[in-house]
Amino acid sequence: MLTFDEVLNLNYYKKTSYSGWINGMRFLIRREQHEDQDAVFHAWVWPGPLIFDLTEDDKKTDFTAPFSDEGKQEVVDWINEQYLTHGELWSQEHKTL
């Protein structure tokens, strides 16, 4: 399971994104800001083993939350929920190229 501290501090996301792997489930978290709007966390999960750019969009699930410590906790909770709720997607059988 992912923890709040593993997801790094807010300043990290001002420069780059954070990606990882939890037993077959890949995830990506990044900061996004569109003109005249507040910044948000945008997170995705998808079955591994491929990286984000090589995975078909229909295999990805996404979530957004405010760019704040509270939003960061929402992202962590959402990723953990996805892992627990959709375990069949992360099973070994789905790790084929």
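In what follows, every heavy atom counts, from backbone to side chain, and hydrogens, waters and symmetry copies are set aside.
- Hydrophobic clustering (ILVMFWY, side-chain heavy atoms < 4.5 Å, transitive): Phe4 and Val7 are in distinct clusters.
- Among all heavy-atom pairs drawn from Ala65 and Gly71, the shortest one is CB-O, 3.6 Å.
- Using a 30° and 60° split on the angle between ring planes, Tyr18 and Tyr12 fall in the perpendicular class, above 60°.
- Here Tyr83 contributes atom OH and Trp78 contributes atom CH2; the two are 15.0 Å apart, rounded to the nearest 0.5 Å.
- Residues Ile22 and Val75 share a hydrophobic cluster, clusters being chains of Ile/Leu/Val/Met/Phe/Trp/Tyr side chains in contact below 4.5 Å.
- With sequence neighbours excluded, the residues forming a salt bridge (charged side-chain N to carboxylate O under 4.0 Å, His left out) with Asp57 are Lys60, listed by chain and number.
- For the pair Ile79/Met25, a side-chain contact is recorded, criterion being any heavy-atom separation below 4.5 Å from C-beta on.
- Panel note: side chain Asn80, backbone Leu2; a donor-acceptor pair is recorded below 3.5 Å.
- The shortest side-chain heavy-atom distance between Glu74 and Pro66 falls under the 4.5 Å cut-off.
- With rounding to the nearest 0.5 Å, the separation of CZ in Arg30 from OG in Ser19 is 10.0 Å.
- Between Leu84 and Met1 the shortest side-chain heavy-atom distance falls below 4.5 Å.
- Of the options Lys14, Glu32, Gln33, a side-chain contact (heavy atoms from CB on, under 4.5 Å) to Phe67 is made by Lys14 and by none of the others.
- Every residue two or more places apart in sequence or in another chain was checked for a side-chain hydrogen bond (donor to acceptor under 3.5 Å, both in side chains) with Arg26, and none qualifies.
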side-chain contact (heavy atoms from CB on, under 4.5 Å), that's the test. Do Thr3 and Val76 meet it? Break it down for me.
CA-CA 7 Å; Thr3 67; Val76 169; 5.7 Å; no
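- Residues satisfying the side-chain hydrogen bond (donor to acceptor under 3.5 Å, both in side chains) test with Glu70, not counting sequence neighbours, are Ser68.
- Under a cutoff of 6.0 Å and an axis angle of 45°, Lys72 and Phe41 do not form a cation-pi pair.
- Distance check: Leu50 CG to Lys59 NZ gives 8.0 Å after rounding to the nearest 0.5 Å.
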Begin with the C-alpha distance, continue with both residues' side-chain angles, and end with the deciding distance and a verdict on side-chain contact (heavy atoms from CB on, under 4.5 Å) for Arg31 and Val40.
CA-CA 6 Å; Arg31 176 184 184 268; Val40 296; over 6 Å; no
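- Remark: Thr61 pairs with no residue by the side-chain hydrogen bond (donor to acceptor under 3.5 Å, both in side chains) rule, at least two apart or across chains.
- Residues Tyr13 and Val45 are members of one and the same hydrophobic cluster, defined by side-chain heavy-atom contacts under 4.5 angstrom among Ile, Leu, Val, Met, Phe, Trp and Tyr.
- Annotation: side-chain hydrogen bond (donor to acceptor under 3.5 Å, both in side chains) contacts of Asp69 (sequence neighbours excluded): none.
- Heavy-atom neighbours of Asp38 CG from other residues, nucleotides or ligands within 6.0 Å: at or below the threshold of 12.
- Other members of the hydrophobic cluster containing Trp46, listed by chain and number, are Leu28, Trp44, Phe52; membership follows side-chain contacts under 4.5 Å among ILVMFWY residues, whether direct or relayed.
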